[in-house]
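A quick write-up on the structure given underneath.
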Number of protein chains: 2
Amino acid sequence: MRDVAQRAGVSIGTASKALNDNGRLKADTRTRVIAAAQELGFRPNSLAQSLHRTRSMTVGVLSTDSFGRFAFPIIEALEERLAEQGIAIFMCNATDDPEREKRHLDQLLGKRIDGLLVTGRRMDKRPPVAVPGQTMPVIYVFSQADDPEALCLLPDDYGGARLAVEHLIGLGRRRIAHITGPESFEAVTLRHRGYRDALTTAGLSASDTFFRKGKWSEAWGREAVADLFDDAAEMPDALFCGNDQIARGASDALRERGIDVPGQVAVVGFDNWDVMTLAARPPLSSVDMNLRELGRLAGERLISMIAGERFKGVERLPCSLFVRQSSDTNQS
Amino acid sequence: MRDVAQRAGVSIGTASKALNDNGRLKADTRTRVIAAAQELGFRPNSLAQSLHRTRSMTVGVLSTDSFGRFAFPIIEALEERLAEQGIAIFMCNATDDPEREKRHLDQLLGKRIDGLLVTGRRMDKRPPVAVPGQTMPVIYVFSQADDPEALCLLPDDYGGARLAVEHLIGLGRRRIAHITGPESFEAVTLRHRGYRDALTTAGLSASDTFFRKGKWSEAWGREAVADLFDDAAEMPDALFCGNDQIARGASDALRERGIDVPGQVAVVGFDNWDVMTLAARPPLSSVDMNLRELGRLAGERLISMIAGERFKGVERLPCSLFVRQSSDTNQS
DNA sequence: TTGAAAGCGCTAACAA
DNA sequence: TTGTTAGCGCTTTCAA
């Protein structure tokens, strides 16, 4: 900065004004300073800037499980949104270790982050992050804090499930089964509820004979199909699966039994994970949680909160249904 | 800091010495200051600290494609290693857009990062990142720069392929086919070379009749199996696949033809991606690129380079083979 | 063993 | 319209 001022033949304060576009300056002076900065390859030290301004232009992202498959689209979109405002993100991973989480938090606070985003799939609500002073914005994404004052951003699992099941009903299916993951996940409960409500709304019975909970794996999908179809008095004509791995396993198991998908049984998964949906035969319909949207919204909210706005409570973002051959009787 | 000094009844300089454990201080004074800091919940402003010290204790991670599946383990392990030294990482994603890359780089330089890590699967060597001054350490991981002075950390694709093929040879297989991805990837070339060298070393012919290149997908794996096995004069007794998706597709296709894996045909994949290897029937053997190791090594090197050491050239980390049922005739 | 003071690179209020 | 100056919060000589 000093060098730039000297080069341009102005005071150091003037140079600062010119480069930051504030204060009243003669256009000529301004351009002269900017030229000097250019020639010298001057790059303002944002550490020094942050010492003055109230903001560091950085936020922290704390992942509680490791950076899983679900975290990436969220973080990617978040980073994109924040980068538009010149905000950089610090990434930390605590792997569910409270000790590490605390160390990371200390480090982030030392770096004077302007806000914090906490993420990480969990089965239950997590204890809120202990930020001294209460003033720094904190957002939980794809994660819920046990604190009514906290802002939590989540996909609308319930609505996503209804979307899927209503689609199957629209296809004329009446015996729709639901195969899903471990009930310790809130998502399992919510999706199950969506499934049942969609059925009852349509005047269909939602008994538990067509409901199976287990693991999030292909093997479980295959197993559940065996259970539902082999020697069954009444066979389902559609499957709504809790995730795409289950759906893929189920779809494989059906094919191997000579049951046509979607002709005899339509299948819809959840997550819209291309690795599964596109590799399956036929390609799988699936509910998309719009994780990039979620990440972008988190960025949006964080920016507003840094600017002083307050948000609280649980906000759920709608899911979308992607229809592919596994539930499309016209294309099959 | 001022508050802490006041509270402890010492000068501000003394307080600093006490908290940073340098200078000669009476033990009593030191503990008094530390106590005061504790009570006041004092947290040093690392922005201010960095203004003095030469280091900001931050590094940048620039991803050129988006944060892909391969990037997670690398970045995770990197972050873990750097966190041990109290170094935080800024994550940026440029998605192969030079414009965005430049903006991110400017931002990072403004934040006075101590080092930079560039990552992102690419087919060809990328132009080196333009860092003015040449002094900041830069490492390319899972990515290669077109600059002999750059340090590039990569998995040993060639060695990994040899490992797999030698394993198959050890099983007594003699007609080993290689199904792989698009040849525009350097990894495809290297793995192919490893495959051929392993064969010729064992005195087997490495003709192109058993070589198929295509896509990185399950569908391609199935297709290639159809091509290799249906109406073939001579059928392979083993498949070495360029990635796990191909291997999975191939394995499915074999099963559907009633060909026993591993009895008649052994299958080995590449990536050791559990989503594929464990869901396949039988579970797939696969070559692991040790990406976490790679990330950790990158952290290690970055720390050394920040301390002044210099490294250059391409460094390749060994792969490991994970044997599962698809190539284990004892377990099958 | 401690305190005083200069300064890291920058901004912003106030004077000129 | 520009220059001067007092810090932002901390570290580190140098004196005391």
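Here is the naming used below: chain letters follow the sequence lines, and residue numbers restart at 1 for every chain. As the structure is a prediction and not an experimental result, all values here were calculated from the model.
We find that CZ of A:Arg30 is positioned 14 Å from P of D:dG3, with the value rounded to whole Å. D:dG9 atom C1' lies 16 Å from atom CG of A:Leu109, rounded to whole Å. Rounded to whole angstrom, the span from the CZ atom of A:Arg55 across to the P atom of C:dT11 amounts to 15 Å. Rounded to whole Å, atom C1' of D:dG3 lies 15 Å from atom CD of A:Gln6. Summarising the geometry, the separation between CD1 on B:Ile12 and P on D:dT12 is reported as 14 Å, rounded to the nearest angstrom. We find that CG of B:Leu19 is positioned 13 Å from P of D:dT12, with the value rounded to whole Å. If you measure from atom CG of B:Asn20 to atom C1' of D:dT12, you get 11 Å, rounded to the nearest angstrom. Atom-to-atom, NZ of A:Lys111 to P of D:dC10 comes out at 14 Å; the value is rounded to the nearest Å.
Each of B:Arg112 and B:Gly13 was assigned the nucleotide of DNA chain C with the nearest heavy atom; the assignment lying further toward the 5' end belongs to B:Gly13.
Under the 3.5 Å distance criterion, with hydrogens and angles disregarded, no donor-acceptor pair is assigned to the side chains of B:Asp97 and B:Thr95. Checking B:Thr58 against B:Asp114 by side-chain atom types alone, no donor-acceptor pair falls below 3.5 Å. No hydrogens or angles considered: nothing links the side chains of B:His104 and B:Glu99 as a donor-acceptor pair under 3.5 Å.
Checking the phosphate oxygens (OP1, OP2) of C:dA4, no side-chain nitrogen or oxygen of B:Ser11 falls inside 4.0 Å. Within the 4.0 Å cut-off from OP1 or OP2 of D:dT11, at least one side-chain nitrogen or oxygen of B:Ser16 is found. The shortest distance between the side-chain N/O atoms of B:Gln49 and the OP1/OP2 oxygens of D:dT11 is below 4.0 Å.
Which of D:dC10, D:dT5, C:dC8 sits closest to the side chain of B:Leu51 comes down to C:dC8. Of the listed nucleotides (D:dT11, C:dT11, C:dA4), C:dT11 has the atom at the smallest distance from the side chain of A:Arg53. Side chain of B:Thr14, nearest nucleotide from C:dT11, C:dT2, D:dC10: C:dT2. Nearest nucleotide to the B:Thr29 side chain, out of C:dT2, C:dC10, D:dC10: C:dT2. The B:His52 side chain lies nearest to D:dG9 when the options are C:dT11, D:dG9, C:dG3. Here C:dT2 is the nucleotide among C:dC10, C:dT2, D:dT12 with the atom lying nearest to any side-chain atom of B:Leu25. You'll find that the side chain of B:Lys26 is closest to C:dT2, out of C:dT2, C:dC10, D:dT4.
Note on A:Asp106 versus A:Lys102: salt bridge recorded, some NZ/NE/NH1/NH2 to OD/OE distance being below 4.0 Å. Contact check on B:Arg126 versus B:Glu101 returns a salt bridge, with a Lys/Arg side-chain nitrogen under 4.0 Å from an Asp/Glu carboxylate oxygen. Ionic pairing of A:Asp21 and A:Arg30 is present here: one or more N-O contacts between side-chain nitrogen and carboxylate oxygen are shorter than 4.0 angstrom. The pair B:Arg296-B:Glu76 does not meet the salt-bridge criterion, since no charged nitrogen lies less than 4.0 angstrom from a carboxylate oxygen. In this structure, B:Glu186 does not pair ionically with B:Lys125, as no charged nitrogen and carboxylate oxygen lie closer than 4.0 Å.
Inter-axis angle, ends of the helix from C:dT1-D:dA16 to C:dA16-D:dT1, five pairs per end, rounded to 10 degrees: 50°.
Using modelled atom types, no side-chain atom of B:Arg2 and backbone atom of B:Ile12 make a donor-acceptor pair closer than 3.5 Å.
The residue from A:Leu109, A:Leu108, A:Ile113 that alone fulfils the side chain to side chain contact (heavy atoms under 4.5 Å, CB included) condition with A:Val131 is A:Leu109.
Sorted by residue number, the members of residues 40-47 of chain B with any non-hydrogen atom under 4.0 Å from DNA chain D read B:Phe42, B:Arg43, B:Pro44, B:Asn45.
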